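Below is one structure, written out as C-alpha cells; comments come after it.
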Amino acid sequence: MMAQYLALKAQAEGCLLFYRMGDFFELFFEDARLAAGVLDIALTSRGEHDGAPIPMCGVPVHAAESYLARLIRAGHRVAIAEQVETPEEAKRRGGAKALVARDIVRFVTAGTLTEETLLDPRSANVLVALAPLRDGVGAACCDISTGRMELEECAQDGVQALLARIDPCEVIVPEPSPRAGRDLPRNGAPAIEIPAFAGEQAVTRPAADFRSEAGEARLKALHGVATLDGLGSFTRPMLAAAGGLIAYLEHVGRGTLPLLLPPVARRGEERLAMDAATRASLEVLDAQGGGRAGSLLAAVDRCATGAGARLLAEDLAAPLAERGAIEARHAALAHFHRDPILRSDLRRALRQCPDIARALGRIVAGRGSPRDLGQVRDGLSEARRLRELLRASPDVPPLLAECCARLGGHSGLIDHLERALVPAPPTERSQGGFIAPGYDHALDALRETSGSARRAIAALEARYRDETATPSLKIRHNKVLGYFIEVSARHADRLMAADSGFTHRQTMAGAVRFNSLGLHEEASRIAEAGGHALAAEEAHFEELCGEVGQRREAIAATAQALARIDVSAALAERAAEGDWCRPLMLDAPCLEVVGGRHPVVEAALSKAGERFVANDCSLGPGDRLWLIGGPNMGGKSTFLRQNALILLLAQAGSFVPAQSATLGLADRLFSRVGASDNLARGRSTFMVEMVETAAILSQATDRSFVILDEVGRGTSTYDGMALAWAVVEAVHENLRCRCLFATHYHELARLAETCGALSLHHVRAKEWKGELVLLHELARGAADRSYGLAVARLAGLPPPVLRRARTILDRLEKGRAETGGLAAGLGDLPLFAAALQEETPRQDPLAGALAAIDPDTLTPREALEALYALKRAAAEGKN
Ligand code: ADP
C-alpha cells in the first residue's frame with residue numbers, strides 16, 4: 001500500500017495528498033504532521049517505513065469539505081486520491097489480497113474551487129495566469145465558479161498594479177526554462193515579482209503550456225470555433241496566458257474542464273488606472289488593517305445578492321474611463337433612484353434569487369447536485385419575473401433594457417426543470433428522491449413497487465408478531481444485513497425451532513436476528529426496484545445537467561444581467577439613503593464638488609452621533625493644484641480622500657456623496673500618504689514614500705488626479721521640505737494634473753508666488769478658552785499656524801512637557817523671525833523650469849567625435865584627416 005501511496009504522492013506535485021481508505025481520507029508522513037497542526041486533529045501512526053513509524057492522520061469523507069476549506073485557507077493545495085474500483089473488482093482482478101486501485105481525481109486549490117461551502121458568496125474567486133513575453137506580460141483571469149474569463153496585457157512594471165486590481169487567490173506563472181518556446185525570452189521567462197499578499201502562492205507550470213499558438217488552439221477547441229475573431233481581438237501575450245491557464249485547469253481537473261465562458265479582451269485604457277499603493281491608501285476593497293469593514297466597498301454595498309456584491313467589488317476595483325459607459329451606468333441608477341417602488345419590488349425579487357452563476361459553474365464542472373439544478377430553475381424563473389417588472393416600467397434606459405433582454409428566453413428549460421424536479425431538491429444525489437412524481441412513469445412504477453413491498457413488510461411484521469405471539473418482534477434494516485427480523489433473546493427459542501419458517505442470522509447481546517422467505521422476497525423487490533429507481537434518477541440528472549450545460553452561455557448572460565440590475569438598484573438605494581447626487585461627467589480636466597463628504601468617515605461619525613462637515617473642492621485648468629495646510633487632525637487627509645473617492649465612485653458608475661459634482665474624466669488616480677508604515681515589506685517608510693512618489697512623477701498625465709498627503713514627512717525637516725517643494729513644482733510644471741497636496745510645511749505657501757495654477761487652502765481651527773477647536777472646514781488662504789502644541793494637549797501630553805515645548809517653540813519662532821525662517825535661503829531660487837534647463841547637460845560635439853574614433857583601425861592618412869576634422873569642429877564650437 002505504501003508503494004501505491006508514494007507513487008501517488010509523487011504525482012501530487014507538492015500538494016498534500018488525501019488518500020482514500022474506506023470512509024476516511026488519510027494523510028501520511030510530513031503531510032500528516034502539517035495537516036494535524038492546521039486542522040487540530042490527532043496525529044497517530046501506522047506501520048513502519050525505513051524502520052520508523054509512519055505519522056498518519058485522517059478526516060472523515062463526509063466532512064472532508066470543511067477540512068479542505070481550512071487547509072486551502074491556510075494556503076495549501078490538496079490532491080484527492082480516490083478508490084477507482086470496488087474491493088470486489090480488485091479481488092476479481094488480482095485475487096484476495098489485491099489492493100484497490102486509486103488515482104488522483106482532482107486537485108483542490110484556492111483558485112479552482114466551485115463548492116458553495118468553500119466560497120465566499122460575496123467575493124469573486126479569481127485565478128490568474130501570467131505569461132511574460134518579450135512584448136508584454138499577458139494575463140488570463142478567470143473565476144471558474146462562474147466561468148467569467150478575461151484576457152489582458154500589461155507592461156512588465158504594470159504586473160503589481162494588475163494583481164492589486166484583480167486580487168487573485170492563486171497565480172500561475174511559467175517555470176523559467178532555457179528551452180522555452182519562441183514566445184518567451186531566450187534566457188527563460190524573466191522573474192515576475194509577485195507581491196506576497198495573504199493566502200497567495202504562485203504556482204509554476206511548464207513553460208511549454210504558455211505558448212501563444214497552443215493558447216489559441218486551446219481557446220478555439222474550447223469554444224468550438226475555427227477562428228477567434230468572433231470573440232474579440234487578442235494579442236500574443238494574452239493568448240499565451242490563456243494557454244497557461246487552460247492547461248493548468250485541465251491539469252487540476254484531471255482532464256475535466258470547468259465552466260469557461262468565451263474570453264473578453266480588456267484594454268487598459270478602458271479603465272481608471274490605480275496602482276497597489278493607491279488602492280491600499282484609499283481602502284477601496286479592504287481597510288488598512290485588513291478586512292472589509294471600514295473599506296469603501298463596505299460603506300457602499302447594499303446588494304441583495306452575492307453575485308451583485310461580486311460585481312460591485314469588481315466595478316470599484318476597476319472603475320471605467322470612458323464617458324459613454326459611465327453615463328450608461330449613471331442612467332440605469334437614476335432610473336431606480338427616481339422610482340423607489342420599482343426599486344424595492346426588484347430588490348425583494350432579487351433576494352429570492354439563488355446564485356445561478358455558481359450553480360451553473362458546479363454543474364458544468366461535473367460537481368453539480370440536484371439542488372444546483374433547483375437553483376438554476378428558481379433563479380431563471382425569478383429572472384423572468386424581474387423582466388416583467390422592468391418591462392412594465394416606462395422609459396427604461398439602454399443599459400437596463402439590454403439587461404432586461406437577457407433575462408428571458410429560458411421558458412423551455414424552466415418548464416422542463418419544474419416538471420422534472422421536486423420543489424426542494426437535496427444536495428446529495430446518491431439517495432435519489434429528487435425527480436418529481438409524474439415526470440417518469442417507469443420511475444413512478446418502480447417507486448410504487450418498493451412502496452408496496454415496504455407496506456408488505458409492515459404487514460409481515462404484524463403477521464409474524466401474531467404467529468409467534470411475540471409483540472416485541474420487529475423487522476429492521478441495516479446496511480450490512482439489509483432487512484431482518486429481530487426478537488429479544490428471551491423470545492428467540494420460538495423462532496429457532498426447525499419448522500418455524502425462520503432462519504437464524506445473527507445473535508447479539510440481548511437480541512437474535514432472523515430471516516424468512518417472505519421477508520427475503522419483499523426485501524429483494526425493494527432492493528431491485530430501488531436500484532432501478534436510483535439508476536433512472538441518475539440518468540435524468542445527467543440529462544438535465546446536459547441540457548443546462550448546453551445553454552450555459554445564455555444562463556450565464558442572465559446571471560450577469562441580474563447582477564448588473566442588482567448593483568444599479570443597490571447603488572440607487574445607497575444614494576437615496578445618503579442623499580448622494582448624480583455627477584456630471586466632462587472630458588475637460590476639472591473637479592467641481594459642492595458639499596462633498598467622505599462616505600466611510602461620515603458613516604463612522606454618524607454612528608457616534610457626530611456630524612460630518614461637508615466641504616467644496618474646485619479644480620480647473622487655471623487652478624489645478626491646491627496646497628492644503630492646517631493642524632493635525634484638522635481633516636486634511638479626509639478632504640483629500642473624499643475627493644478621490646468621489647471621482648472613483650463616479651467612474652465606477654455610482655452617484656457620489658455630495659450636493660453636486662461636475663467631474664472631468666481621469667485616466668489615472670494616485671493617492672500617496674507620506675511615511676505610511678510598511679516595514680513589513682522590508683523597506684524603510686521613507687524609502688516607500690519616495691518610491692511611490694517617483695511612480696506618480698513618472699506616470700501621471702494631465703488627465704490624472706493625484707492626492708499627496710504629507711509627502712516629505714518621513715525625513716528631517718530640511719530634506720522633507722525640499723522634497724515636498726520640488727514635488728509640488730514638478731506636479732505643477734510638468735504633470736499639469738489636478739492635485740490636492742496636504743502639508744504641514746508653511747514655507748511651501750511661498751510657491752503660490754511662482755506657480756500660477758496653485759492656490760492655498762487650510763482646514764480651520766480656533767483656540768477657544770485655551771482649548772483647540774477643530775472645525776473641519778476648508779477655507780482659502782495659507783494656514784496661520786500649525787497648532788501642534790494644542791493638538792498635543794488634546795492628546796493628553798503631560799503639562800510639564802507641554803510647558804517645556806512652549807519655551808522651546810518661543811525661542812525657535814524668535815529665531816525664525818530674525819533669520820527669515822526655514823525657507824530663508826530660497827529668496828532667489830530660480831524657477832523650476834529654468835532650473836531644469838540649466839541642469840540639462842550640454843552635448844559636447846568634440847567629445848562625441850573623439851568617442852567615434854577607433855585609433856587602432858586608422859591608417860596614418862585617415863588619422864591625419866581625423867585630426868583636421870577635429871580642429872575644424874573645435875573652431876566651429878567656439879563661434
Ligand atoms: P489630518 O489629515 O488633518 O490630520 P484627518 O483627515 O485624519 O486629519 O481627520 C482627523 C479626524 O477628524 C477624522 O478621523 C474625523 O474623525 C475628523 N474629521 C475629518 N474631517 C471631518 C469633517 N469634514 N467633518 C467632521 N469630522 C471630520
Side-chain angles (χ1 to χ4, degrees), residues 278 280-283 287-289 293-296 298-299 578-580 591 593-618 626-646 649 656-661 670-677 685 689 706-714 720 724 728 739-746 748-749 760-768 771-797:
T278 300
S281 122
L282 291 179
E283 305 179 288
Q288 294 270 346
S295 67
L296 175 68
D579 205 9
W580 292 12
L591 191 124
V593 175
V594 178
R597 288 166 284 142
H598 188 302
V600 180
V601 176
E602 187 183 23
L605 285 178
S606 88
K607 242 188 222 157
E610 288 172 44
R611 203 175 59 84
F612 188 90
V613 182
N615 277 304
D616 303 347
C617 180
S618 170
W626 277 23
L627 209 57
I628 301 160
N632 265 327
M633 293 297 286
K636 298 183 295 296
S637 310
T638 307
F639 178 73
L640 260 51
R641 285 182 171 72
Q642 85 191 24
N643 287 295
L645 293 180
I646 283 174
L649 280 169
V656 298
Q659 237 168 38
S660 77
F670 289 99
S671 168
R672 289 297 183 274
V673 185
S676 67
D677 250 328
T685 52
E689 179 181 336
V706 175
I707 61 173
L708 291 162
D709 193 355
E710 304 268 14
V711 162
R713 181 170 62 179
V728 172
C739 173
L740 300 176
F741 194 108
T743 182
H744 62 275
Y745 294 122
H746 303 291
L748 294 191
L760 304 175
H761 303 261
H762 65 279
V763 283
R764 289 187 57 211
K766 57 183 181 190
E767 278 194 270
W768 192 68
E771 289 292 320
L772 178 73
V773 183
L774 300 167
L775 300 173
H776 303 303
E777 214 178 85
L778 211 76
R780 273 208 172 255
D784 52 349
R785 33 194 284 233
S786 28
Y787 297 98
L789 297 192
V791 174
R793 184 176 323 119
L794 268 186
L797 218 64

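Each ligand, and each atom within it, is numbered from 1 in the order the structure gives. Computed from a prediction, not measured in an experiment: that's the story for all the values here.
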Problem - Whether Glu777 side chain and Asn615 backbone form a donor-acceptor pair below 3.5 Å - result: no

Exercise for the section: Tell me, please: is Leu605 in heavy-atom contact with ligand 1, that is, under 4.0 Å? Expected result: yes

Practice task
Would you give the length of the straight line joining atom CD1 of Ile646 to atom SG of Cys617, rounded to the nearest 0.5 angstrom?
Solution key: 8.5 Å

Problem - Any protein heavy atom nearer than 4.0 Å to atom 9 (O) of ligand 1 - result: yes

Practice task
Starting at CZ of Arg597, measure out to CG of Leu645 and round the result to the nearest 0.5 Å.
Solution key: 13.0 Å

Handout entry: Per-atom contacts, ligand 1 versus Pro631 - under 4.0 Å to a heavy atom
Key = 3 (O)

Problem - Protein contact of atom 2 (O) of ligand 1 - nearest heavy atom, named by residue and atom, plus distance - result: Ser637 OG, 2.5 Å

Practice task
To the nearest 0.5 Å, tell me how far Glu710 CD sits from Ser637 OG.
Solution key: 7.0 Å

Problem - Per-atom contacts of ligand 1 with Asn632, taking only distances under 4.0 Å to non-hydrogen atoms - result: 4 (O)

Exercise for the section: May I ask you to check if ligand 1 and Val613 share an N or O to N or O distance below 3.5 Å? Expected result: yes

Handout entry: Those atoms of ligand 1 less than 4.0 Å from some heavy atom in Gly634
Key = 1 (P), 3 (O), 8 (O)

Handout entry: Any N or O of Lys636 closer than 3.5 Å to N or O of ligand 1
Key = yes

Completion exercise
Here the gap from Lys636 atom NZ to Thr743 atom OG1, rounded to the nearest 0.5 Å, amounts to 8.5 Å

Practice task
Pull out every atom of ligand 1 sitting under 4.0 Å from any heavy atom of Arg611, numbered as shown with elements.
Solution key: 25 (C)

Practice task
Considering only non-hydrogen protein atoms, determine which one is nearest to atom 15 (C) of ligand 1 and report residue, atom name and distance to 0.1 Å.
Solution key: Val601 CG1, 4.0 Å

Exercise for the section: Look up atom CZ in Arg780 and atom CH2 in Trp626, then write down how far apart they are to the nearest 0.5 Å. Expected result: 6.0 Å

Completion exercise
min-distance protein heavy atom vs atom 5 (P) of ligand 1 -> Thr638 OG1, 3.5 Å

Exercise for the section: Run the numbers for me: atoms of ligand 1, each under 4.0 Å from some heavy atom of Gly635, listed by number. Expected result: 1 (P), 3 (O), 5 (P), 6 (O), 8 (O), 9 (O), 19 (C), 20 (N)

Handout entry: Nearest protein heavy atom with distance in Å, relative to atom 11 (C) of ligand 1
Key = Met633 CE, 3.9 Å

Exercise for the section: For atom 22 (C) of ligand 1, find the nearest protein heavy atom and state the residue, atom name and distance (0.1 Å precision). Expected result: His776 CB, 3.4 Å

Problem - Under 3.5 Å side-chain donor-acceptor pair for Arg672 and Thr278 - result: yes

Problem - Heavy-atom side-chain contact between Val600 and Ser295 under 4.5 Å - result: no

Handout entry: Sole candidate of Leu760, Ile707, Leu778 that passes side-chain contact (heavy atoms from CB on, under 4.5 Å) when paired with Ile628
Key = Leu778

